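Take a look at the structure below.
We count residues from 1, following the sequence as given. A quick note: this is a predicted structure, and the numbers were derived from the prediction, not measured.
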Amino acid sequence: MFGTIILSVLILGGALLAYIRLAPSDPDRWHVPVGYTEDADMRDGAVRVIPAGADTFARIDAAAQALPRTQVLAGSVAQGRITYVTRSAAVGFPDYTTVEETDGKVKLYARQRFGRSDFGVNRARLERLLGALKA
């Protein structure tokens, strides 16, 4: 009986981990305009808004694409908006970062897909991307 319960828990846990790792990312849900107009830190993400220079967006794009386990979900610099998916190393939790340039500003919005708190991971990612502008 006890062995059956443990086996059931392991199977359910494995199925959950497989879903987290393999669930498709829908661009219609994640590649959307950034609705924030100023910096914000939330439990599940963060927003940064900075003035746009001539190459600010392109430099952020280069820094984002250089991040480990990160790929473009949708968009491009030419389109004015890009959304990236960055997955955690161990489990593969997806986080989404949207960067867009509008009205002379670059807006960066990083948020998690699963869970209640990202433990500051998305804020740290945005700070890392902004730090690349200073380098």
Side-chain angles (χ1 to χ4, degrees):
M1 173 83 167
F2 185 68
T4 304
I5 292 172
I6 289 179
L7 182 59
S8 296
V9 168
L10 289 174
I11 289 171
L12 287 173
L16 178 62
L17 291 176
Y19 175 76
I20 289 169
R21 172 75 66 182
L22 302 173
S25 297
D26 181 6
D28 291 338
R29 177 175 179 195
W30 299 105
H31 185 62
V32 295
V34 178
Y36 293 86
T37 58
E38 57 188 43
D39 291 359
D41 292 322
M42 296 86 68
R43 247 177 27 178
D44 63 347
V47 175
R48 296 294 180 264
V49 179
I50 62 170
D55 64 346
T56 303
F57 191 4
R59 290 175 61 203
I60 291 172
D61 173 53
Q65 292 200 45
L67 292 172
R69 301 172 309 281
T70 299
Q71 61 185 20
V72 173
L73 174 65
S76 68
V77 172
Q79 293 172 350
R81 182 183 315 126
I82 304 173
T83 299
Y84 310 89
V85 181
T86 303
R87 292 191 173 270
S88 64
V91 177
F93 284 105
D95 289 333
Y96 299 90
T97 304
T98 300
V99 181
E100 71 178 15
E101 184 173 350
T102 59
D103 301 323
K105 297 183 183 213
V106 174
K107 299 177 182 181
L108 302 92
Y109 178 30
R111 65 268 191 211
Q112 68 181 30
R113 177 172 179 174
F114 298 107
R116 292 184 179 206
S117 174
D118 70 355
F119 303 103
V121 170
N122 285 298
R123 181 184 68 243
R125 184 179 307 108
L126 294 185
E127 298 302 328
R128 183 175 177 183
L129 293 175
L130 295 176
L133 292 176
K134 298 173 186 173

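- The hydrophobic cluster containing L126 does not contain Y36, counting ILVMFWY residues as joined when their side-chain heavy atoms lie under 4.5 angstrom apart, directly or transitively.
- Considering only heavy atoms from C-beta on, V47 stays 4.5 Å or farther from D39 through its side chain.
- The two residues R113 and D95 make their nearest non-hydrogen contact at N-OD1, 4.3 Å.
- If you chain together hydrophobic residues whose side chains sit under 4.5 Å apart, V77 and W30 never meet in one group.
- Contact record, F57 with E100: CZ-CA, 4.3 Å, taken as the closest heavy-atom pair.
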Would you give me the side-chain donor-acceptor pairs under 3.5 Å for residues 61-72, sequence neighbours excluded?
{"residue": "D61", "atom": "OD1", "partner": "Q65", "partner atom": "NE2", "Å": "2.8"}
{"residue": "D61", "atom": "OD1", "partner": "Y84", "partner atom": "OH", "Å": "2.7"}
{"residue": "D61", "atom": "OD2", "partner": "Q65", "partner atom": "NE2", "Å": "3.3"}
{"residue": "R69", "atom": "NE", "partner": "R87", "partner atom": "O", "Å": "2.7"}
{"residue": "T70", "atom": "OG1", "partner": "P68", "partner atom": "O", "Å": "3.1"}
{"residue": "T70", "atom": "OG1", "partner": "T86", "partner atom": "OG1", "Å": "2.8"}

Quick one, V106 with V49, criterion side-chain contact (heavy atoms from CB on, under 4.5 Å). Give me CA distance, side-chain angles, the key distance, then yes/no. CA-CA 6 Å; V106 174; V49 179; over 6 Å; no

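- Using modelled atom types, one side-chain atom of R59 and one backbone atom of L133 make a donor-acceptor pair closer than 3.5 Å.
- Contact detail for L129 and I60: the closest heavy-atom pair is CD2-O, 4.2 Å.
- The side-chain hydrogen bond (donor to acceptor under 3.5 Å, both in side chains) contacts involving residues 101-112 comprise T98-R111, where partners must be two or more places apart or lie in separate chains.
- Summarising the geometry, atom CG belonging to D118 is positioned 10.0 Å from atom CZ belonging to R43; distances are rounded to the nearest 0.5 Å.
- Grouping the Ile, Leu, Val, Met, Phe, Trp and Tyr side chains by contacts below 4.5 angstrom, directly or via other members, places L108 apart from M42.
- For A110 against T97, the heavy-atom pair with the smallest separation is CB-OG1, 3.6 Å.
- In this structure, NE2 in H31 is found 13.5 Å from OH in Y96, a value given to the nearest 0.5 Å.
- When all heavy atoms are compared, the tightest approach of S88 to V91 is OG-N, 3.8 Å.
- Side-chain contact between R29 and T83 is absent, with no heavy-atom pair separated by less than 4.5 Å.
- The minimum heavy-atom distance linking R81 with V32 is given by the pair CD-O, 3.6 Å.
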